[in-house]
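Keep in mind it's a predicted model, so treat the numbers as computed, not measured.
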Amino acid sequence: MFEVTDMQKIGVGLTGFGLLFLFLGVILLFDKGLLAIGNILFICGLGCVIGLERTFRFFFQKHKIKASVAFLGGIIVVLCGFPLIGMIIESYGFFLLFSGFFPVAINFLRRVPIIGSILNFPVIDNMVTKLIGDSERTRV
């Protein structure tokens, strides 16, 4: 097993609260205050979980510059007071940044008892398979 430090536990909490505030901000018709707090908590939590140096390396890799600019630019647009436009830009950047993790997450969720059976319904299975792409390419 691996050791989880107190900083990583705090980071998971910050990331969770960030996602909660982002969700509430979207549900409450793109409330810019909740979205701004959610974005800040999410970034701070990510930095605490994987460390500041690894966070900077993740966001500023050469092949992820376009995605990082879209994600961080969307956060800046939300903070400037244009939540709908900012969330669209930020969602695009988020999808580009974290699309490499989707196949791993989906394959993990397929093994979870209740969620896995839902993901194996024919219509949902076809959509999820298209989302994650070629499964042979993502296997390790």
Are Leu119 and Val112 linked, directly or through other ILVMFWY residues, by side chains that come within less than 4.5 angstrom of each other? yes
Apart from Val69 itself, which Ile, Leu, Val, Met, Phe, Trp or Tyr residues share its cluster (side-chain heavy atoms under 4.5 Å, direct or through members)? Ile65
Quick one: salt bridge (Lys or Arg N to Asp or Glu O under 4.0 Å) pairs with a partner in residues 114-129, sequence neighbours left out? Arg110-Asp125
Any chain of hydrophobic side-chain contacts (each under 4.5 Å) joining Leu109 to Phe101? no
Can you get from Leu97 to Phe60 by hopping between Ile, Leu, Val, Met, Phe, Trp and Tyr side chains that sit under 4.5 Å apart? yes
Are Val104 and Phe58 connected into the same hydrophobic cluster when the rule is that any two of I, L, V, M, F, W, Y join if their side-chain heavy atoms are below 4.5 Å apart? no
What pairs of donor and acceptor atoms, side-chain ones from residues 70-83 against any protein atom, are under 3.5 angstrom apart with sequence neighbours left out?
none

Smallest separation among heavy atoms of Glu3 and Gln8, with atom names: O-OE1, 3.8 Å
Give me each pair satisfying salt bridge (Lys or Arg N to Asp or Glu O under 4.0 Å) with a member in residues 55-73, each pair once, sequence neighbours excluded. Glu53-Arg57
Does CZ in Phe56 sit with more than 12 non-hydrogen atoms of other residues, nucleotides or ligands closer than 6.0 Å? no
Same cluster or not: are Phe121 and Met127 linked, directly or through other Ile, Leu, Val, Met, Phe, Trp or Tyr residues, by side-chain heavy atoms under 4.5 angstrom apart? no
Sequence neighbours left out, cut at 3.5 Å: what donor-acceptor pairs do the side chains of residues 14-41 make with other protein atoms?
unit_1: Thr15; atom_1: OG1; unit_2: Gly11; atom_2: O; d: 2.8
unit_1: Thr15; atom_1: OG1; unit_2: Leu46; atom_2: N; d: 3.4
unit_1: Asp31; atom_1: OD2; unit_2: Leu34; atom_2: N; d: 3.2
unit_1: Asn39; atom_1: ND2; unit_2: Leu35; atom_2: O; d: 3.1
unit_1: Asn39; atom_1: ND2; unit_2: Glu90; atom_2: OE1; d: 3.3

Heavy-atom closest contact (Gly47 atom, Thr55 atom, distance): CA-OG1, 3.3 Å
Linking Ile, Leu, Val, Met, Phe, Trp and Tyr through side-chain heavy atoms less than 4.5 Å apart, which residues share a cluster with Leu96? Tyr92
